[in-house]
Amino acid sequence: MQREQLLDYMASDIYTPLTAQELCEVFDVERASEFRDFVKLLNEMEDNGEIMRTKNNRYALPEQMNLIVGRLQMKARGFGFVIPEQESEADIYIPATELNGAMSGDKVLARVRDVRGKTGAHREGVIVKVVDRVNERIVGKIALYGHHAFVTPLDKRFADDIFVPKEDAHGAHDGYVVVVELTSYPSATHGPVGRVVEVLGHPDEPGVDILSVIRKYGLPEQFPEQVLRAAEAIPIEIDPAEIAKRRDLRGEVIVTIDGDDAKDLDDAVHVKVLENGHYELGVHIADVGYYVQEGSVIDKEAFRRGTSVYLVDRVIPMLPQRLSNNICSLNPQVDRLTMSCVMEIDEQGRVVHHDIFPSVIRTAARMTYNNVRRILVDQDPELRREYESLVPMFELMEQLALILREKRMRRGAVDFDFDEIYVKVNDLGEPVDIVPRQRSIAERLIEEFMLAANETVAEHFHWLGVPFVYRIHEEPDAAKMLDLNAFLHNFGYHLKGVGGSKVHPRALQEVLNEVEGTREARMISTVMLRSMQQAKYRPECTGHFGLAADYYTHFTSPIRRYPDLTIHRIMREVLSGGLSPEREEKLREFVAEASRQSSERERIAQDAEREVDQLKMVEYMQAHLDEEFDGIITSATQFGLFVQLDNGVEGLIHISALDDDYYVLNERQMALIGERTRRVFRIGDPVRVVVTRASKEDLRIDFGLVAHLREATYVGGAGGEAIVYDEDLSPKERRESIRRRESMSSERGGRQQRDRGIGGRGKRDRLRGKTVRGGYDRAGRRRDAVPSADHEDPIIDVRHAASPPDMPYDEWDAEFPDPRALREAEGGRGKRQRQSADERFAKWDRETGGVGDRARGERRTGGYRTWPTRGEPGVAKKGPGKAKGRKQSERAAMESADRPRRAKSAKAVVGAAAQSGGRGKAKKAKGKPTGKRGRR
């Protein structure tokens with residue numbers, strides 16, 4: 001009985017849930033041995049979540065029972081999302097109360113209970129069953145008590161502490177970092193239980209932080225003994241019979257170009273000019289597949305690891321060092337087995353001919369990026385003399401690389417020119433400096449050569465129709481492109497093709513070219529990158545959006561990536577005589593599994609590398625507390641501003657540190673705007689900050705604002721004209737703008753009194769980092785609405801969220817207008833004309849009543865609701881006590897009118913409050929007044 005036959009039958013339209021006995025009748029299972037095997041298959045498929053058994057022992061597919069199979073992805077705030085295995089399915093939000101013992105990363109069955117949104121994209125559900133547990137061990141900090149201990153996981157996605165009996169603490173000291181093996185998983189009635197299996201040490205001991213990350217992500221440091229023995233059994237010397245089977249390229253001038261500290265040299269290149277004027281580019285890759293046989297213990301371990309992991313002070317390799325740094329590494333002046341792709345390229349960068357074959361090479365020199373850069377860019381005379389015989393080839397490489405890049409740009413590839421951040425550490429693992437690692441011509445030419453080889457190999461084997469592992473990058477989501485275009489519109493840029501069926505990558509590159517050299521270039525590039533899909537491995541060749549390539553694979557790094565190793569073996573097998581139908585079918589199953597495993601391990605490696613980098617950045621900033629740095633605002637959120645320093649470190653200015661005003665997030669402008677001063681903190685603005693806190697436990701750096709280096713004022717509306725920057729004004733206008741902000745910032749008495757009445761900023765500070773549930777926000781939405789799966793935890797991962805949400809608070813005006821604004825607008829106005837800065841500031845003065853010690857009060861501008869202050873017409877002065885009581889009563893009543901589903905107009909509420917007899921009775925009748933701060 002084949003599994004596929006059973007699944008196909010259950011997926012047919014004629015199928016209704018059947019028992020095991022009824023299924024046996026359908027498939028003619030008669031013998032006892034066949035029946036046992038059939039029931040065993042059913043149980044196995046049920047355990048894997050492929051089928052489900054009902055209460056009356058009938059079997060059906062999960063989707064037929066409104067169940068979805070997926071991986072649970074928890075968030076730090078306690079809720080989670082099920083990421084369905086079917087990529088076309090939307091994620092399912094799981095409240096903290098509906099987890100039913102599931103943990104982050106578990107394979108689960110979820111039932112959808114509620115669908116929200118016009119497109120049904122927001123789904124809420126409940127975990128029905130945990131199909132596969134993946135968290136056998138958890139890293140955490142232990143707290144000892146009299147007869148037991150609790151371990152608090154370092155990974156904030158695990159909300160429950162782990163109970164450890166005293167006898168299972170194994171001598172761990174209080175506060176130490178330990179590894180706990182779970183002996184009992186959580187359920188709806190009890191939490192997890194475990195035992196300590198490894199004590200890593202005190203959190204402040206050198207190396208414990210990185211070791212904690214290694215254990216947290218389950219990165220295997222040591223190779224099993226049988227793997228090491230198998231590697232030792234591989235001879236270093238190459239069999240002459242094998243050399244005879246390959247094309248001998250030992251006479252070619254071939255070099256490797258890598259980083260200074262690289263030891264696994266898996267790619268080498270040569271370039272020369274042919275008689276017809278074309279370039280010959282040879283890319284030679286270490287033939288790891290010759291040494292790592294399919295199904296061997298080394299191959300199985302490489303499959304399990306998926307990729308090498310590069311941390312700041314160590315490398316966790318995919319293959320044993322005897323292979324990665326010795327036998328397979330293309331060290332200079334020694335014979336090495338390779339797979340070669342030799343391409344003939346014309347003056348326009350087109351590959352007019354290519355040849356792919358097994359080869360043997362001997363590299364002439366081991367070059368580094370720094371030395372090649374000094375030869376080509378700095379024209380270093382000493383190095384040019386040392387490598388005199390190779391300099392002409394390096395100059396040809398530079399010419400060819402520029403041609404290939406120009407061709408790639410013409411077809412519309414997207415080139416994110418980010419500087420890689422490099423953390424330097426000493427022998428104890430302590431960070432000593434953080435520097436950007438720039439991409440010089442040396443890195444760029446190797447990058448272009450590898451891209452050309454990967455595309456050529458992918459296209460060649462795609463047209464052969466053989467099983468293969470491709471590197472794909474899907475087209476971005478149309479909704480995210482619309483959000484990105486709205487975001488770009490604030491800076492005066494436009495994304496072509498938005499609103500159509502799809503956006504061409506050339507449109508994104510045109511925006512990057514347009515912003516190059518501007519202050520907002522880095523920030524726009526980052527937002528654009530976060531709006532795109534993540535590349536992954538697939539057995540189908542669907543193209544690479546970012547490279548604007550129809551065919552792409554990873555062929556060039558088999559020492560450190562398993563997909564490259566897989567296709568090397570397929571390439572040699574195909575080139576040596578083809579595949580039988582049986583072999584082809586087997587390989588198709590294998591490449592599908594290898595693609596899934598490699599994509600998963602790649603994401604784990606990236607997360608671990610990023611976390612270690614962040615750990616070292618936090619540790620570096622701990623030595624620079626109270627020091628000032630220049631940076632740029634990279635994200636504006638409702639709880640503060642994320643700022644990236646020039647050295648790449650990113651931290652948060654919490655909104656409580658902006659104490660000169662009450663700031664609200666304008667989602668359309670991606671800015672925080674002061675309600676009184678209209679002062680703007682916008683993405684891309686340069687600031688000077690002071691480091692106030694750096695916590696390795698929370699992986700968080702806090703900044704205080706020293707100076708805002710690009711002051712601006714919000715004058716209302718949308719688009720580029722909504723914000724006026726001081727630097728764009730005349731000297732007179734600039735002085736007037738500064739005077740307005742400073743004057744309004746000094747008028748804090750009324751605001752402070754309002755803060756004391758409702759809890760104010762102090763209450764908000766006590767809630768910082770928490771989710772306030774219940775009630776309504778400014779947009780009229782309930783605070784406990786289902787969160788979006790596209791956004792991570794606000795404090796930890798919001799910087800990696802996509803482009804801004806689509807509910808700008810300016811739309812709040814249309815839904816809940818200010819009654820006074822409606823009265824003032826009666827009679828209508830003509831079409832709004834474009835106004836100068838003076839006219840817009842004059843309009844602001846008319847609406848706010850000017851500035852000064854006796855301001856007549858603020859009016860609404862661009863989505864803010866403000867209320868009359870003392871001295872404004874319509875507020876009677878009946879004496880200090882009564883006037884003050886009536887004033888506060890009216891304000892409380894009118895602010896309560898903001899809430900949806902309350903009184904229909906502010907006037908009606910004020911009248912009700914007046915009839916109740918002043919502040920005391922109004923408060924008794926309506927409950928404790930809650931103003932705008934309480935609603936946030």
Side-chain angles (χ1 to χ4, degrees), residues 76 104-105 135 137-141 152-158 176-179 198 200-222 259-264 305-318 324 418-437 526 534 560-561 600-624 642 644-645 647-652 691 693-701 792-793 795-797 799-800:
S104 187
N135 303 289
R137 296 187 175 188
I138 294 178
V139 181
K141 187 180 294 185
T152 301
L154 297 182
D155 192 338
K156 303 302 180 183
R157 294 173 300 178
F158 298 106
Y176 271 33
V177 179
V178 299
V179 180
E198 185 179 5
L200 302 182
H202 192 275
D204 295 333
E205 290 181 17
V208 171
D209 52 0
I210 295 183
L211 193 58
S212 300
V213 175
I214 292 174
R215 296 293 186 270
K216 171 182 173 181
Y217 287 97
L219 303 178
E221 280 190 293
Q222 304 297 326
D260 293 336
D261 54 353
K263 296 179 181 179
D264 50 350
R305 296 181 175 224
T307 180
S308 296
V309 184
Y310 295 85
L311 307 179
V312 293
D313 64 345
R314 70 194 74 184
V315 177
I316 301 177
M318 184 183 76
S324 61
F418 288 117
D419 289 337
E420 182 183 354
I421 302 301
Y422 175 63
V423 183
K424 293 184 177 180
V425 297
N426 58 21
D427 294 338
L428 297 177
E430 299 169 341
V432 295
D433 198 7
I434 300 175
V435 295
R437 182 184 288 166
T526 302
Q534 186 177 22
R560 62 184 181 91
R561 292 190 305 230
E600 183 177 318
R601 297 304 302 176
E602 179 188 45
R603 288 191 293 270
I604 291 174
Q606 290 174 348
D607 291 343
E609 290 168 358
R610 277 196 290 259
E611 184 165 330
V612 169
D613 288 343
Q614 182 67 13
L615 263 174
K616 292 305 173 183
M617 289 182 184
V618 172
E619 186 177 352
Y620 177 81
M621 298 309 291
Q622 285 179 338
H624 296 274
F642 283 103
Q644 187 177 54
L645 307 184
N647 60 8
V649 173
E650 195 170 35
L652 174 71
V691 183
R693 176 175 174 265
S695 170
K696 291 179 67 175
E697 184 175 351
D698 297 331
L699 289 181
R700 176 171 165 180
I701 300 170
E792 302 291 341
D793 180 76
I795 299 299
I796 299 175
D797 293 318
R799 290 162 289 173
H800 305 294

Of all residues at least two apart in sequence or in a different chain, which pass the side-chain contact (heavy atoms from CB on, under 4.5 Å) check with Thr152?
-> Asp161
Trace of the side-chain contact (heavy atoms from CB on, under 4.5 Å) decision for Thr307 with Met318 | CA-CA 5 Å; Thr307 180; Met318 184 183 76; 5.5 Å; no
Report the distance from atom CG of Asp433 to atom CG of Asn426, rounding to the nearest 0.5 Å.
-> 12.0 Å
Would you mind reporting whether Val315 and Val309 have side-chain heavy atoms less than 4.5 Å apart?
-> no
Hey, is Lys616 close enough to Asp313 for a salt bridge, meaning N to O under 4.0 Å?
-> no
Enter the distance from Glu609:CD to Leu219:CG here, rounded to the nearest 0.5 Å.
-> 9.0 Å
Have a look at Val612 and tell me which of Val423, Val312, Ile214 forms a side chain to side chain contact (heavy atoms under 4.5 Å, CB included) with it.
-> Val312
To the nearest 0.5 Å, how far apart are OH in Tyr217 and CD1 in Ile604?
-> 9.0 Å
Asp427 atom CG, neighbour heavy-atom count above 12 within 6.0 Å | no
Does any non-hydrogen side-chain atom of Arg305 lie less than 4.5 Å from one of Pro220?
-> yes
Set of residues satisfying salt bridge (charged side-chain N to carboxylate O under 4.0 Å, His left out) with respect to Glu611, sequence neighbours excluded | Lys216
Output for pair (Ile316 CD1, Ser308 OG), nearest 0.5 Å, gives 9.5 Å
Exercise: identify the closest heavy-atom pair between Pro153 and Ile138 = CB-CG2, 3.8 Å
Applying side chain to side chain donor-acceptor pair (under 3.5 Å) to Arg215 and not counting sequence neighbours gives Glu198, Glu221
Lys424 and Ile434: CA distance, side-chain angles, deciding distance, side-chain contact (heavy atoms from CB on, under 4.5 Å) verdict | CA-CA 6 Å; Lys424 293 184 177 180; Ile434 300 175; over 6 Å; no
Roughly how far apart are Asp613 CG and Tyr310 OH, rounded to 0.5 Å?
-> 14.5 Å
By side chain to side chain donor-acceptor pair (under 3.5 Å), Asp155 pairs with (sequence neighbours left out) Arg157
Determine whether Arg700 and Glu650 make a side-chain contact, defined as any pair of heavy atoms from C-beta on separated by less than 4.5 Å.
-> no
Output the distance between atom OG (Ser324) and atom CZ (Arg560), rounded to the nearest 0.5 Å.
-> 12.5 Å
Salt-bridge present (Lys696, Asp209; N to O < 4.0 Å) = yes
Mind checking ring pair (Phe, Tyr, Trp, His ring centres under 6.0 Å) for Tyr620 and listing every partner two or more places apart, or none if nothing turns up?
-> His624
Yes or no on side-chain contact (heavy atoms from CB on, under 4.5 Å) for Val649 and Ile701, after CA distance, side-chain angles and deciding distance?
-> CA-CA 9 Å; Val649 173; Ile701 300 170; 3.4 Å; yes
Carefully, step by step, assess Met621 and Arg693 under the rule side-chain contact (heavy atoms from CB on, under 4.5 Å).
-> CA-CA 8 Å; Met621 298 309 291; Arg693 176 175 174 265; over 6 Å; no
Set of residues satisfying side-chain contact (heavy atoms from CB on, under 4.5 Å) with respect to Val208, sequence neighbours excluded | Val177, Leu200, Glu205, Ser212
